[in-house]
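Beneath this line is the structure, given in structure tokens, with notes to follow.
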Amino acid sequence: MSQSQVRVRFAPSPTGPLHIGGIRTALFNYLFAKKHNGTFILRIEDTDQTRFVEGAEKYINDSLEWLGLTPDEGVLQGGKFGPYKQSERNEIYKKYADELIAKGWAYYAFDSSEDLDKLRAKYETDKMTFAYDCQTRKQLCNSLTLSESETNQRLNSDGSWVIRFKMPEDFEIHATDLIRGDVKFMSNTLDDKVLYKSAENLPTYHLANIVDDHLMEISHVIRGEEWLPSLPLHVMLYKAFEWDKTMPHFAHLPLILKPSGKGKLSKRDGDKEGFPVFPIQYEAPNGEIASGYREAGYFPDAVNNLLALLGWNSGTEQEVFSIEELSSLFSLDRVNKSGARFDPEKAKWFNHQYLIAKPNNQLAELFNLELTSKNISMPIEKIETIVGLVKERINFVSELWSQTFFFFEAPSNYDEKVVQKRWKDQVPKFMLKLSQMLSTHENWTCDSIKEATSQLISSENENFGNIMNTLRLVLVGGSFGPDLFTIVELIGKDQTVARINKACTVL
RNA sequence: GGUCCCUUCGUCUAGGGGUUAGGACACAAGAUUUUCAUUCUUGAAACAGGGGUUCGAUUCCCCUAGGGACUACCA
């Protein structure tokens with residue numbers, strides 16, 4: 001595989017459900033890979049056992065599958081750079097940590113987390129922030145301050161230790177971000193991050209991430225902006241390993257912000273604010289359920305589309321794109337720098353666009369599933385017609401029923417306001433005449449029915465608008481629905497007559 | 001607090017040294033639909049502030065303010 005080959009990875013950790021921010025990151029990686037005929041890799045970063053959540057990995061796979069963002073390489077797909085789960089790559093990392101120690105880029109630290117916590121607390125009372133860095137490491141318990149023999153003794157004892165990166169002093173770190181340009185950091189302001197922990201015999205994110213990206217020949221790291229602060233560390237790690245020549249390019253995506261209020265979108269925002277934050281429904285191990293876009297009735301393409309436009313645009317006025325169009329149009333230099341507030345209303349609009357673009361027969365099939373569950377059966381052709389009548393006015397397939405129930409069953413109650421406005425003294429008399437006329441009407445098409453009804457209305461000196469509204473009331477239960485004579489034609493003669501007669505006795 | 005990132009209508013954004021600063025969502029009004037919705041038309045709505053640079057800045061630079069992220073033996 002050549003060096004110029006695009007290889008990107010989406011590297012979530014299975015600590016819970018992935019929200020749409022994570023999905024957006026996956027999507028941008030996917031689009032970038034497709035655009036460049038590259039490889040999209042899914043790597044599971046499960047180096048923190050304490051935060052491992054049962055089912056989270058499956059959730060990630062299911063979500064990506066639903067959206068069609070299928071990895072080219074990954075735990076399920078395989079590939080020659082596997083394994084793709086960090087917990088299964090365990091034995092790889094230690095030697096790289098050792099290499100850093102040998103080169104003088106890292107050191108052993110023996111301070112207990114309790115001691116460090118105390119230190120942090122103490123600093124805080126002095127309104128300062130503790131950092132394990134080039135200054136404090138000189139006073140702490142590590143292989144830099146301890147003698148070699150004492151270090152070895154501690155390493156061989158039962159006590160736990162960690163390997164920390166030895167961040168150089170007074171060094172200006174330059175990094176290039178494909179979206180933000182050059183970013184500079186002073187190494188003094190950075191701390192000595194833990195790279196490896198003996199207690200679990202596991203690397204931390206930083207080490208595992210760099211080692212795996214290198215080993216998997218990742219060409220571009222496309223991740224959320226929350227990682228920007230660790231970019232200098234990562235750049236230094238590449239330098240320390242002498243991998244600078246093949247260091248991937250970095251692109252930090254703008255964050256997705258809460259629709260209202262402050263901060264980035266979080267897992268807790270969704271159901272509280274009345275919109276899903278998760279791609280598909282998530283049931284936590286404790287049984288709590290968080291709603292998903294799939295269950296809310298969104299089409300996967302619509303979700304991809306709306307997410308793509310959060311932080312990226314084509315530069316044209318087009319907003320509705322198929323995944324193929326996105327794949328060929330996507331480019332990192334059209335990604336925005338600033339965070340994007342998520343707009344649930346526009347999300348619905350995107351789904352509406354996909355819904356109205358869907359052929360009626362497909363919508364009818366989806367709707368038929370719901371009808372079947374209600375024990376309603378009707379020829380699919382007729383459902384198609386009904387769906388076509390109302391699809392312009394809805395955003396979701398799930399709204400179909402409330403817009404069309406009167407095609408399938410008589411209204412069980414009548415809108416009080418409309419009754420008061422329309423159901424006046426002589427109305428029942430006329431309605432009975434109308435039902436009588438219709439019951440003998442032969443040519444049951446909307447045009448013919450309309451003509452006959454109009455004639456009756458004028459011969460009886462009734463007001464057309466008033467009668468229309470009243471007829472609508474008795475047929476659908478309120479003042480809603482598509483063209484009235486189309487409804488009359490579709491529900492048929494018997495239903496029409498029966499509904500009129502029922503209203504006359506009930507109201 | 002420290003470090004870093006960001007800043008065009010309410011929101012997502014286009015644009016870019018001279019523009020009537022464009023589009024979309026949402027909102028409002030009108031037309032059509034003898035109802036509802038759709039549709040169409042129209043409207044209101046933005047360059048955070050202050051300094052430079054320049055003939056000219058919303059656009060380039062600096063400062064301020066505001067927002068955000070990070071600041072774990074989490075990712």
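In this text, all values refer to a predicted model and were calculated from it rather than measured experimentally. The chains referred to below are lettered A, B, ... by the order of the sequence lines, with proteins before strands, and numbering in each begins at 1.
- Distance from the side chain of Lys337(A) is smallest to rC6(B) among rG15(B), rC6(B), rC5(B).
- Listed by first then second residue, pairs satisfying side-chain hydrogen bond (donor to acceptor under 3.5 Å, both in side chains) with a partner in residues 465-481 of chain A read Arg422(A)-Asn466(A), not counting sequence neighbours.
- Here rA24(B) is the nucleotide among rU35(B), rC25(B), rA24(B) with the atom lying nearest to any side-chain atom of Glu319(A).
- Nucleic acid contact class of Gly263(A) (heavy atoms, under 4.0 Å, all strands): sugar-phosphate only.
- At the heavy-atom level, Trp227(A) lies under 4.0 Å from base atoms of the strands shown.
- For Arg164(A), the listed nucleotide lying nearest its side chain is rC73(B); candidates were rC5(B), rG23(B), rC73(B).
- Nucleotides rG18(B) and rG23(B) have their C1' atoms positioned 23 Å apart, rounded to a whole Å.
- The listed nucleotides are rU13(B), rA75(B), rC73(B); the one nearest the side chain of Asn313(A) is rU13(B).
- Using P as the reference atom, rG67(B) and rU8(B) are 14 Å apart when rounded to the nearest Å.
- Residue contacts for Thr15(A): at a heavy-atom cut-off of 4.0 Å it reaches no nucleic acid atom on any strand shown.
- Residue contacts for Val162(A): at a heavy-atom cut-off of 4.0 Å it reaches a base atom on one of the strands shown.
- In a base pair of the Watson-Crick type (N1 to N3 plus N6-O4 or O6-N4) or a G-U wobble (N1-O2 and O6-N3), with each distance short of 3.5 Å, rC70(B) is matched with rG2(B).
- Separation of the C1' atoms belonging to rC61(B) and rA75(B) is 38 Å when rounded to the nearest angstrom.
- As judged by a 4.0 angstrom heavy-atom cut-off over every strand, Ala340(A) is placed among residues touching the sugar-phosphate backbone only.
- One interatomic measurement links the two molecules: CG of Leu253(A) to P of rC4(B), which rounds to 22 Å at whole-angstrom precision.
- Checking rG22(B), rG15(B), rC36(B) against every side-chain atom of Arg334(A), the shortest atom distance belongs to rG15(B).
- Spacing between rC70(B) and rA24(B) at atom C1', rounded to whole Å, works out to 33 Å.
- Base contact: Ser112(A) has a heavy atom under 4.0 Å from a base atom.
- Pair check for rU41(B) finds rA29(B); Watson-Crick or G-U wobble, both atom distances under 3.5 Å.
- Looking at Tyr59(A) and Pro14(A), their side chains never come closer than 4.5 Å, going by heavy atoms from C-beta outward.
- Tyr93(A) and Asp212(A) form a side-chain donor-acceptor contact under 3.5 Å, judged by distance and modelled atom types alone.
- Applying the 3.5 Å distance criterion, the base of rG2(B) shares no donor-acceptor pair with the side chain of Thr189(A).
- Between the side chain of Arg393(A) and the base of rC36(B) there is at least one donor-acceptor pair of N/O atoms closer than 3.5 Å.
- Looking at Lys346(A), its side chain has no donor and acceptor atom pair within 3.5 Å of the base of rA26(B).
- The nearest heavy atom of RNA chain B to Leu255(A) and to Gly315(A) marks one nucleotide each, and the one closer to the 5' end goes with Gly315(A).
- Counting to the nearest Å, the P atom of rU3(B) and the CD atom of Glu172(A) are 14 Å from each other.
- Residue Gly311(A) is in sugar-phosphate contact alone, with no base atom involved, counting any heavy-atom pair closer than 4.0 Å across all strands shown.
- The side chain of Arg180(A) sits closest to rC6(B) out of rC12(B), rC6(B), rA24(B).
- Comparing atom distances between the Ser338(A) side chain and each of rC73(B), rG15(B), rC6(B) picks out rC6(B) as nearest.
- With hydrogens and angles ignored, no donor-acceptor pair closer than 3.5 Å exists between the side chain of Arg341(A) and the base of rU11(B).
- Nearer to the 5' terminus of RNA chain B, by closest-nucleotide assignment, is the contact made by Asn336(A) (compared with the other of Ile356(A) and Asn336(A)).
- Side-chain N/O atoms of Lys264(A) include one lying less than 4.0 angstrom from OP1 or OP2 on rC70(B).
- Nucleotides rA46(B) and rC40(B) have their P atoms positioned 25 Å apart, rounded to a whole Å.
- Base pairing of rA65(B) is made with rU7(B), judged by Watson-Crick or G-U wobble geometry with both donor-acceptor distances under 3.5 Å.
- A cation-pi arrangement, defined by a distance under 6.0 Å to the six-membered ring centre and an angle within 45 degrees of its axis, is absent between Arg334(A) and Phe330(A).
- Among rU3(B), rC70(B), rG68(B), the nucleotide with an atom closest to any side-chain atom of Phe185(A) is rU3(B).
- Side-chain contact check for Gln455(A) versus Met437(A): every heavy-atom pair is 4.5 Å or farther apart.
- Taking the six-membered ring where the residue is Trp, Trp227(A) and Tyr205(A) present parallel rings, their angle staying beneath 30° rather than reaching 60°.
- Taking atom C1' on both nucleotides, rA29(B) is separated from rG68(B) by 38 Å, rounded to a whole Å.
- Candidate nucleotides rA75(B), rA14(B), rU71(B) were compared by shortest atom distance to the side chain of Lys193(A), and rU71(B) ranks first.
- Counted by atom type alone, Ser331(A) and Asp333(A) present one or more donor-acceptor pairs between their side chains at under 3.5 Å.
- At the heavy-atom level, Lys348(A) lies nowhere under 4.0 Å from the strands shown.
- Separation of the P atoms belonging to rC62(B) and rU11(B) is 26 Å when rounded to the nearest angstrom.
- Taking atom C1' in both rC36(B) and rA44(B), the straight-line distance is 27 Å, to the nearest Å.
- Using a 4.0 Å heavy-atom criterion, one finds that Asp111(A) contacts the bases of the nucleic acid, with or without backbone contacts as well.
- Residue Arg472(A) has no polar side-chain atom (N or O) positioned under 4.0 Å from OP1 or OP2 of rA37(B).
- Within 4.0 Å of Lys127(A), counting heavy atoms only, lies no atom of the nucleic acid at all.
- Screening residues 345-358 of chain A for salt bridge (Lys or Arg N to Asp or Glu O under 4.0 Å) gives Glu319(A)-Lys346(A), Glu345(A)-Lys348(A) as the qualifying pairs, with residues at least two apart or on separate chains.
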